[in-house]
Number of protein chains: 2
Amino acid sequence: METKQIPSIVVGRLPVYLRALEYMKREHRQVTSSQELAERLGISAAQIRKDLSQFGEFGKQGTGYDIENLVTQLRAILHINRVWDIAVVGAGDVGHAVARYQGFTDRGFRVAQIFDNDPSKIGSQIGEFIVRDSADMLEIIHQAGIKIAMIAVTASHAQDVADQLVKAGVKAILNYAPITLNVPPEVHVQYIDPSVHLQRMAYYLG
Amino acid sequence: METKQIPSIVVGRLPVYLRALEYMKREHRQVTSSQELAERLGISAAQIRKDLSQFGEFGKQGTGYDIENLVTQLRAILHINRVWDIAVVGAGDVGHAVARYQGFTDRGFRVAQIFDNDPSKIGSQIGEFIVRDSADMLEIIHQAGIKIAMIAVTASHAQDVADQLVKAGVKAILNYAPITLNVPPEVHVQYIDPSVHLQRMAYYLG
DNA sequence: TAGATTGTTAATCGATTAACAATC
DNA sequence: TAGATTGTTAATCGATTAACAATC
């Protein structure tokens, strides 16, 4: 018995679908169609239907998709019908911003810990958190069973931090440092580097 | 006479190649190979060679690529052999973080303006900038000829801001608001939504 | 019922990889 | 020269789209 392997490019679109559906839900909308979603998101209706059909039959011919139901289904598929604790490493500007960011609430995540190795920052308060010493990071993360971390340290420290996080049992890393990380295949990494995004667009500015 | 159309997925990888090459340059390395880059970046050597060959012949058989030269070439291809001014809209935590971010220097960009519509923020200082009134945004951006903007306002205001930016002549938008924007086809948009990245990884956490 | 929209199949399109001649 | 590595071609692989029967 084998589980069908879902292409990661499909998985990557689900959160975008979900975001749009939750937006509609807030507008008190009841149903939508692949066509409406397609227009909002700038992709084809066929692609949306095909993507969703990988996981089940969520629509009704002639009517479309029940928004509330599809939101519930997608949250379950993405395993965010629970709250994941996140450890943030680096208490600089980026660490500050993510620690105080309200946007994780209701989207499946919660910052639980923030670490730094700078003695002048350790013990200080950021939002509701006290910055803890990176030296204790491995033990704390392991103890707490935290599986997701964000790296917000300089490029020169990011690989070291990643190595430690992997040792601590972290399985997913959101990396803000401008460097490609080397991690074992079972650990997932996503990158946020604003300069990379900007450079990509600059190409088209001619 | 027609210019060969480069796939946008290829363009998207160039900044990552460039980032790795600049890192090597800082390590005082002189040459590298597609194989070494491939190992560092976790992609295939053939893909790197094929991507680069779309823009010219930058390597030498038996030797590889001159790092300094390839950096120069890629910067020219991406049009970042100059400095682009950026307007930041929204002086909240994210706006703060990007306005103070040192990572744009030497990568082709410079924050030039920061706007907000909150009277309690207008006139205040963020890093080296004075927050200006969003009401004056269109005129200031147009006057200054700014082509790149970052949206760091709430989801509910982001589309309005985007419409204004487009009117002001902006051609590239880096959007931190958790919403898909509707813009004319000649305007490029890139999205940074940490929750989307996290949700994508949560799928694999089972 | 008539109209609308799904889920799915087959066709098309595009991207990646393997392999190797060319050549430094 | 011998070894290494490029640039490129052809083959493979995967993703997107068009179209439509099924059906609400």
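All chains are named by letter (A, B, ...) in the order of the sequence lines, taking the proteins before the strands, and each is independently numbered beginning at 1.
Of the inter-residue distances, the one linking B/Leu14 atom CG with B/Ile9 atom CD1 reads 11.5 Å to the nearest 0.5 angstrom.
In this pair, A/Phe55 and B/Tyr203 present their aromatic rings perpendicular. The plane angle is above 60°, beyond the 30 to 60° band.
Using a 4.5 Å cut-off on side-chain heavy atoms (C-beta onward), B/Ile80 and B/Arg107 make no contact. You'll find the side chain of B/Thr180 reaches within 4.5 Å of the side chain of B/Tyr191, heavy atoms only.
A heavy atom closer than 4.0 Å to some atom of DNA chain C occurs in B/Lys60, B/Gln61, these being the qualifying members of residues 53-61 of chain B. For the segment residues 17-46 of chain A, residues with any heavy atom less than 4.0 angstrom from an atom of DNA chain C are, sorted by number, A/Ser33, A/Ser34.
As a whole-Å value, the separation of B/Ile9 CD1 from D/dC13 C1' is 14 Å. If you take CD of A/Gln47 and C1' of D/dA19, they are 17 Å apart, rounded to a whole angstrom. Per the geometry, CD1 belonging to A/Ile48 stands 12 Å off P belonging to C/dG7, to the nearest Å. If you measure from atom CG of B/Asp66 to atom C1' of C/dC24, you get 14 Å, rounded to the nearest angstrom. Regarding A/Ile67, its CD1 atom lies at a distance of 16 Å from the C1' atom of C/dT6, rounded to whole Å. Rounded to whole angstrom, the span from the CG atom of B/Asp51 across to the C1' atom of C/dT17 amounts to 12 Å. Here the P atom of nucleotide D/dT5 and the CG atom of B/Leu70 are 16 Å apart, to the nearest Å. When rounded to the nearest whole Å, the span between CG of A/Asn69 and C1' of C/dT6 equals 14 Å.
Among the nucleotides D/dT16, D/dT9, D/dA15, the one closest to the side chain of B/Lys50 is D/dT9.
Atom CD of B/Gln54 has more than 12 heavy atoms from other residues, nucleotides or ligands within 6.0 Å.
Base-pair partner of D/dC13: C/dG14 (Watson-Crick or G-U wobble, both distances under 3.5 Å). Base pairing of D/dT23: its partner is C/dA4, meeting the Watson-Crick or G-U wobble criterion (both donor-acceptor distances under 3.5 Å).
Taking side-chain N and O atoms only, B/Tyr65 has a distance below 4.0 Å to OP1 or OP2 of D/dG7.
Residues B/Gln159 and B/Asp163 bring a donor and an acceptor atom of their side chains to less than 3.5 Å of each other. Between the side chains of B/Gln73 and B/Asn69, at least one donor N or O sits under 3.5 Å from an acceptor N or O.
If you find the closest nucleotide of DNA chain D to A/Arg49 and to A/Ser8, the one lying nearer the 5' end belongs to A/Ser8.
The two atoms that bring B/Phe129 and B/Val111 nearest to each other are CZ-O, 3.1 Å, heavy atoms only.
Screening residues 90-104 of chain B for side chain to side chain donor-acceptor pair (under 3.5 Å) gives A/Asp93-B/Arg100, A/Arg100-B/Asp93 as the qualifying pairs, with residues at least two apart or on separate chains.
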